[in-house]
Structure formats: C-alpha cells, structure tokens
2 protein chains.
Amino acid sequence: MSVRERPLRWQRRADARPQELLDAALAVFVERGYAATRLDEIARRAGVAKATLYRYYENKLELFKAVVRHSLVASLDEWATRPPGKAVGARERLVSLLTAFMERVAGSPLSGIPKLVVAEAGNIPEVARFYHDEVIMKARAIVVGALAEGAAHGEFRPVDAEYAWRIIVAPMLFSIIWKHSFQACEAQPLDFRRHLDAQLDLLFNGLAVNTKKKVR
Amino acid sequence: MSVRERPLRWQRRADARPQELLDAALAVFVERGYAATRLDEIARRAGVAKATLYRYYENKLELFKAVVRHSLVASLDEWATRPPGKAVGARERLVSLLTAFMERVAGSPLSGIPKLVVAEAGNIPEVARFYHDEVIMKARAIVVGALAEGAAHGEFRPVDAEYAWRIIVAPMLFSIIWKHSFQACEAQPLDFRRHLDAQLDLLFNGLAVNTKKKVR
DNA sequence: GTTATAAATGACTCATTGGTCACTTATTGC
DNA sequence: GCAATAAGTGACCAATGAGTCATTTATAAC
C-alpha cells in the first residue's frame, strides 16, 4: 500500500507508526531501563524525530506503559487463541506449557519484558502489579492446577503446589534473564531447547537414583 | 568511641562513613536502579549532605561499582571463611549450599544485588561481567561439581550438568527477585524456608510417582 | 491543479541533577 | 587554649534530556 522500498526522510504512515515506535521503545527500554532510556534514542531506532513520538504517546511514562501493556496483551491473546497443544494428562500439560513458553517467548523481543518489569518495579509499581496480576497469577493458576490434577490422578506425587509452582516457573525466567543480561559474558548462546530438556528431566525424575520404574 | 546517641547535624566519622554510605547507596540503587537514583536521596538516607559523598567516592559510577564490589567481596569472604557445613555426600553438599544461600543472602540487603546487576547489565557491562565471573561461575562450578560427584558415586542419576546447574540455581534467583519486585503485590511475604523445601523436594524426588524406594 | 489537513520535524525551553567549591565546624596535636 | 587539618556543608554551575511549538511536507479530497 505505502512506499517501503526507499525510506524517505519524510513519510506519513500513521497506521504503521505506533507499532514501529513500540518495537523500538521495547528494545531500548529493555536494554537500558526506563530512566536511562533517551527518547531521542527510541526515535532514532524507529527512524523518526523525537517530536513524532509525542503524536502517538502523551509522554515517556505513557509510552512505557503502552509498550508493556501492548506486548502483554498481544501475548495473552496469542495464548488464549492458540493454547499449547491438547494434553492427555497433567504431565503433558506441563510439558506443553513450558515448551510453548520457550518457543513463543524466549526467542522473541517479548522476552525482555520480565527483566524490564522486575527492574522498574520500584519506580513504576503500577506496571509490576499489572504484570503480577495478568501474567504471573495466570501462570501460577495453570501450574498449580496441573500439579493438583496430576496428584489427583496419581500421575504426580503430591507436592506443596503453592510453593512448587515458583520452582517450576523459575528456570523460564532465568533463561530469559540470562539471555538479556549475561549472554554477552559467554562465548556460546544459551540453548533454550537444551535448557528446557534439562529442566524437564529434573522436574519429573529428580536427582535421586531410581532403582525401579522410570516413568517414560 | 564516638558519640552516637544524639545524631548531631555535624559529625566527623571518617571511619564509619564509607560503610554507611555504601549501605544507603545499596538500598536506593536496588530500589530505583542506577539512573533513577538521586545522589541527594542516598545522602539523605545516610544522614549527610550530597557533597559528603564526594569525599569518599569519585562520582556516581564509582560509588555504584563500590557498592557492588564491596557487597560481593564481603559476601565471598564470608563464604570462603565459613563454608556451608561439612557435607557427607553430594546431596548434602547441595542441601547445605542452597540452605546457606537462603540463610545468608535471601533475607539480607545483599539479596538486592542480583536484581541490580541484571537490570544494569546493558548500561554497565563491566559490573555484569564481574558478577558473572566472580559469583555465577563460582556457583556453577560448585553445583556442576556436586552433580558430577553425585553421579560418580551413584548417588545421583547422571544429568546434563552443564545445563542442569542453571535449573538448580534459578529458584534461588527467583526468590530474591520476587522479594524485591513482587512482594508488594502480595499479602503474605514469601516464606524462604518453605520455598527451599519445595525446591529440594522437587529437585531430589521429581514429580513422577515413585512406586519404589524413596530416597530419604 | 488546488486546497485542506494531518504527519512530521528542528529548534527551542526549562526543570532536574551530577558535580564543584569556598566556606564552616569538629577533631587532633601541641 | 590554640593552631592545623580534615570532615562536612550549602549554594552554585553546567549538562542533559523531557517536553513544546511554529513551520514544513506528504497525502487526501475535490
């Protein structure tokens, strides 16, 4: 529809702009944090002037909130409309869930959101609360539900689900935090698949030597 | 030695100041992040004027580095001089390690450092590298060592230690990040002991139902 | 074409804050 | 007591960067 081959210095693209600005803003916010992010830098990466940002967002804080809200809402929509594959039991539900997280989130720009929210919780508690309520509590419910179902059907040992859910979620958070903060310190990038496999192996079988029946 | 009952407006305490300033700085940096932290705020919490900070630290960045360096060096010293109780096997070594972390770090101001380092990795990579090399790699070595020893002695199943160590460390990180970023969203504070118990239970036994021998 | 209008911008302002400095006050040595 | 010295300070400066606005330019309507 619109010219896209030669990025003119001047271009009017009111439809595409908002998303472009959000994309650029997400990248810079994740890299630098809220306070250290310069609006000029976001504008530069989006290929516009700083003043253009203000045509679409009230101010820096509103832009920030829009970045988080938009990213999360889009992601939650995705999970709602395309839930992880039909599961035959609690174990498969957990595997699907963690696998889907790795496939959908870990490799995408979205993976920067948790780091960002965690880092800014002290400055922008409103965003932390939103993330807590809309993302964490949903994840918690799913995991606790799977643990309860698994225990009820004799598929899992009974565990302290109210605390175990965090143990199960933690490695997911760790992997994306690693990517955004310590990847640069290492020669090899983190292999998300292998990371997940290591978790699933430990999660279901544990470390203890099992002289009997291996659930496979 | 020095007057401490009535906190005069003017007091010369060249010996106690550095630590007081570091303590105040750590608290504010953890709460706000580097860029959002105002030197006036640190000074206020330490009960001094902003200019006093400059008698002890070159500038904001040097203060920040001193906070991280000092905290970590002190902690590493502590671990070096008072290692977790003598362990009879790999399993007990892991238990001691994780328990010691919870007891020494989780409840202390030190627990804010990881959040801080993670958040500022993009702005101050030097600090991220220091943390990576001096803390993370040491933890990794210990955990990988325990896994290897456990496997060699038939105490543990063999696992992908090079990735499994992160799975084991992740819940520790999660617990302190939770405390500093999402505690405020919840009615009940996180029970570190219960969190650790939940992890140990899962770590050693896994979720799978074990019809035979329960390693206790 | 011509005009209307909405997108986009560069140049500006102004509040904030890291950093400095001349000066004040506590402490130490004699 | 009385310097001498070092700790501590308030008031200031300069740079930075969020936010504004008059103006320019692309697009749409006719």
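Note on naming: letters A, B, ... go to the chains in the order of the sequence lines (proteins, then strands), and numbering restarts at 1 for each one.
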[X] side chain N/O closer than 4.0 Å to the phosphate oxygens (OP1, OP2) of [N]?
X: B:Tyr54; N: D:dT9; answer: no
X: A:Arg55; N: C:dA7; answer: yes
X: B:Arg38; N: C:dG18; answer: yes
X: B:Arg17; N: D:dG8; answer: yes

Nearest-angstrom distance from the residue atom [atom1] of [X] to [atom2] of [N]:
X: A:Glu58; N: D:dG19; atom1: CD; atom2: C1'; result: 11 Å
X: A:Lys50; N: C:dG10; atom1: NZ; atom2: P; result: 12 Å
X: B:Ile42; N: C:dG19; atom1: CD1; atom2: P; result: 11 Å
X: A:Leu21; N: C:dA8; atom1: CG; atom2: P; result: 9 Å
X: B:Tyr57; N: D:dA7; atom1: OH; atom2: P; result: 13 Å
X: B:Tyr34; N: C:dT17; atom1: OH; atom2: P; result: 14 Å
X: B:Leu63; N: C:dT17; atom1: CG; atom2: C1'; result: 15 Å
X: A:Phe64; N: D:dA18; atom1: CZ; atom2: C1'; result: 16 Å

Quiz item: Any Lys/Arg nitrogen of B:Glu162 or B:Arg140 sitting under 4.0 Å from an Asp/Glu carboxylate oxygen of the other?
Solution: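 Salt bridge between B:Glu162 and B:Arg140, a charged N being under 4.0 Å from a carboxylate O: yes.
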Self-check item: Check ion pair A:Glu41-A:Arg32 (N to O, under 4.0 angstrom)
Solution: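 No.
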Test: [X] cationic atom under 6.0 Å from [Y] six-membered ring centre, within 45° of axis:
X: A:Arg91; Y: A:Phe204; value: yes
X: B:Arg104; Y: B:Phe101; value: no
X: B:Arg166; Y: B:Tyr163; value: yes

Quiz item: When you match A:Ala49 and B:Ala51 each to their closest nucleotide on DNA chain C, which lands nearer the 5' end?
Solution: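 Looking at the nearest nucleotide for each, A:Ala49 comes out on the 5' side.
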Practice problem: Let me know, please, whether B:Leu53 or A:Asp40 comes out on the 5' side of the other along DNA chain D by nearest nucleotide. | Solution: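 Mapping each residue to its closest nucleotide by heavy atoms, the 5'-most match is B:Leu53.
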Quiz prompt | Closest to the A:Tyr56 side chain, choosing from D:dG19, C:dA8, D:dG8 | solution =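 Out of D:dG19, C:dA8, D:dG8, the nucleotide with an atom closest to A:Tyr56's side chain is C:dA8.
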Quiz item: Quick one: does B:Lys60 reach the base of C:dG19 with a side-chain donor-acceptor pair under 3.5 Å?
Solution: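 No pair found.
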